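Since the structure comes first, as structure tokens, the remarks are kept for the end.
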Protein chains: 2
Amino acid sequence: MATFDEAGVFDLRECADRPPLRVGDKWSGAVLRCLEDGPHRFTALKARLRGVNAKVLTETLRAMERDRWLTRTDHGGNPPHVEYALTGTGRSLIGVLDTACAWAREHQAN
Amino acid sequence: MATFDEAGVFDLRECADRPPLRVGDKWSGAVLRCLEDGPHRFTALKARLRGVNAKVLTETLRAMERDRWLTRTDHGGNPPHVEYALTGTGRSLIGVLDTACAWAREHQAN
DNA sequence: CAGTATCCTAGGAGATACTG
DNA sequence: CAGTATCTCCTAGGATACTG
């Protein structure tokens with residue numbers, strides 16, 4: 001817990017009162033970053049996020065869609081063509097991410 | 001994942017480059033809040049953090065101490081008297097927490 | 001008071017294989 | 001291409017009991 005190593009999670013449970021914010025899964029932050037420069041397709045995301053497998057990426061994307069951080073647009077056809085794009089909410093979250101990242105850079109001893 | 005419910009965790013894995021920030025355990029954020037107004041003893045913390053058990057609180061505190069977010073001062077004697085206090089680093093983290101909390105308040109639909 | 005010591009469980013996450 | 005379906009593993013975190 002509370003380390004600066006491998007896994008990066010930031011706990012906001014006690015922010016103000018209930019219900020608190022959760023962006024705590026392993027890949028949401030990375031997805032936010034990947035979509036920062038515009039919409040991307042499933043496979044493109046999977047490629048940029050080195051290490052995710054389809055199942056986990058799907059779960060992450062579905063959750064983010066449900067929370068209105070991104071939209072999923074199925075352009076139909078075969079082979080399929082699906083695009084993911086940030087919403088305004090999703091985009092605004094990146095600012096929070098940046099704040100925290102700045103803090104990390106500043107306070108990371110090594 | 002990526003919800004606004006019960007559990008509050010904020011993923012910073014992809015912040016800048018490696019190694020990323022981790023404040024992601026369940027109680028660190030709450031401990032930060034509890035110590036905001038000054039040092040507290042183990043039992044006092046445990047009481048304010050409704051729901052932690054001693055084992056988990058100890059783990060959390062040890063990790064935060066290792067990361068220099070707080071200090072542990074054993075005043076000795078019997079019964080024991082141990083105090084936990086935020087460091088400057090720990091205190092500065094609260095600002096980040098606040099940023100994220102403000103975001104949550106602003107974007108929480110319900 | 002301030003912890004250890006044990007045991008146990010839920011679920012996040014990965015590997016692998018398959019499909020419309 | 002964009003996913004499902006399974007199975008398995010790991011560990012954060014909780015319950016309970018005990019101690020210097």
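Worth knowing before you read on, the calculation uses all heavy atoms, side chains too, and leaves out hydrogens, waters and symmetry mates. First the proteins, then the strands, lettered A, B, ... as listed; each starts at 1. As the structure is a computational prediction, the values presented were derived from the model and not from experiment.
With Thr89(B) contributing its side chain and Trp69(B) its backbone, the two residues share no donor-acceptor pair below 3.5 Å. Looking at Thr60(A), its side chain never comes within 3.5 Å of a backbone N or O of Trp27(A) through a donor-acceptor pair.
Ranking dA2(C), dG3(D), dA13(C) by closeness to the Phe42(A) side chain, first place goes to dG3(D).
Counting heavy atoms from C-beta on, the side chains of Arg72(A) and Leu61(A) never come closer than 4.5 Å.
Note: His75(A) NE2 to Arg41(A) CZ = 8.5 Å, rounded to the nearest 0.5 Å. To the nearest 0.5 Å, the span separating CG on Leu86(A) from NE2 on His40(A) amounts to 9.5 Å. In this structure, OG1 in Thr58(A) is found 8.5 Å from CG in Asn53(A), a value given to the nearest 0.5 Å.
Atom pair Met64(B):CE and dA12(D):C1' shows a separation of 16 Å (rounding to whole Å applied). In this structure, Asn53(A) atom CG and dT6(D) atom P are separated by 16 Å, rounded to whole Å. In this structure, Arg50(A) places its CZ atom 15 Å from P of dG14(C), rounding to the nearest Å. The separation between Arg48(B) atom CZ and dA2(C) atom P is 15 Å, rounded to whole Å. Distance Leu45(B) CG to dG3(C) C1': 13 Å, rounded to the nearest Å. Taking atom CH2 of residue Trp27(A) and atom C1' of nucleotide dG14(C), one finds them 10 Å apart after rounding to whole Å. A straight line from CG of Leu57(B) to P of dA5(C) spans 17 Å, rounded to a whole angstrom. Across the protein-nucleic acid pair, Lys26(A) atom NZ and dG11(C) atom C1' stand 15 Å apart, rounded to whole Å.
Residues Ser92(B) and Trp103(A) bring a donor and an acceptor atom of their side chains to less than 3.5 Å of each other.
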**Item:** Residue pair Glu65(A), Thr71(A): steps toward the side chain to side chain contact (heavy atoms under 4.5 Å, CB included) verdict
**Value:** CA-CA 6 Å; Glu65(A) 186 192 5; Thr71(A) 57; over 6 Å; no
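Using a 4.0 Å heavy-atom criterion, one finds that Lys55(B) contacts the bases of the nucleic acid, with or without backbone contacts as well.
Of the side-chain N and O atoms in Thr58(A), none sit less than 4.0 angstrom from OP1 or OP2 of dG3(D). One finds a side-chain N or O of Arg72(B) lying less than 4.0 angstrom from the OP1 or OP2 phosphate oxygen of dG3(C). At dA2(C), one or more side-chain N or O atoms of Arg41(B) fall inside 4.0 Å of OP1 or OP2 (strictly under the cut-off). Residue Arg62(A) places at least one side-chain N or O closer than 4.0 Å to OP1 or OP2 of dT4(D).
For Asp37(A), the salt bridge (charged side-chain N to carboxylate O under 4.0 Å, His left out) criterion is met by Arg48(A), not counting sequence neighbours.
In this pair, Phe42(A) and Tyr84(A) present their aromatic rings tilted. The plane angle is within the 30 to 60° band.
Taking for each of Val52(A) and Thr43(B) the nucleotide of DNA chain C with the nearest heavy atom, the 5'-most of the two is the partner of Thr43(B).
Within residues 74-86 of chain B, the residues approached by DNA chain D to less than 4.0 Å at the level of any non-hydrogen atom are Pro80(B), in residue-number order.
Remark on the helix from dC1(C)-dG20(D) to dG20(C)-dC1(D): inter-end axis angle 50°, axes from five-pair C1' superpositions, rounded to 10°.
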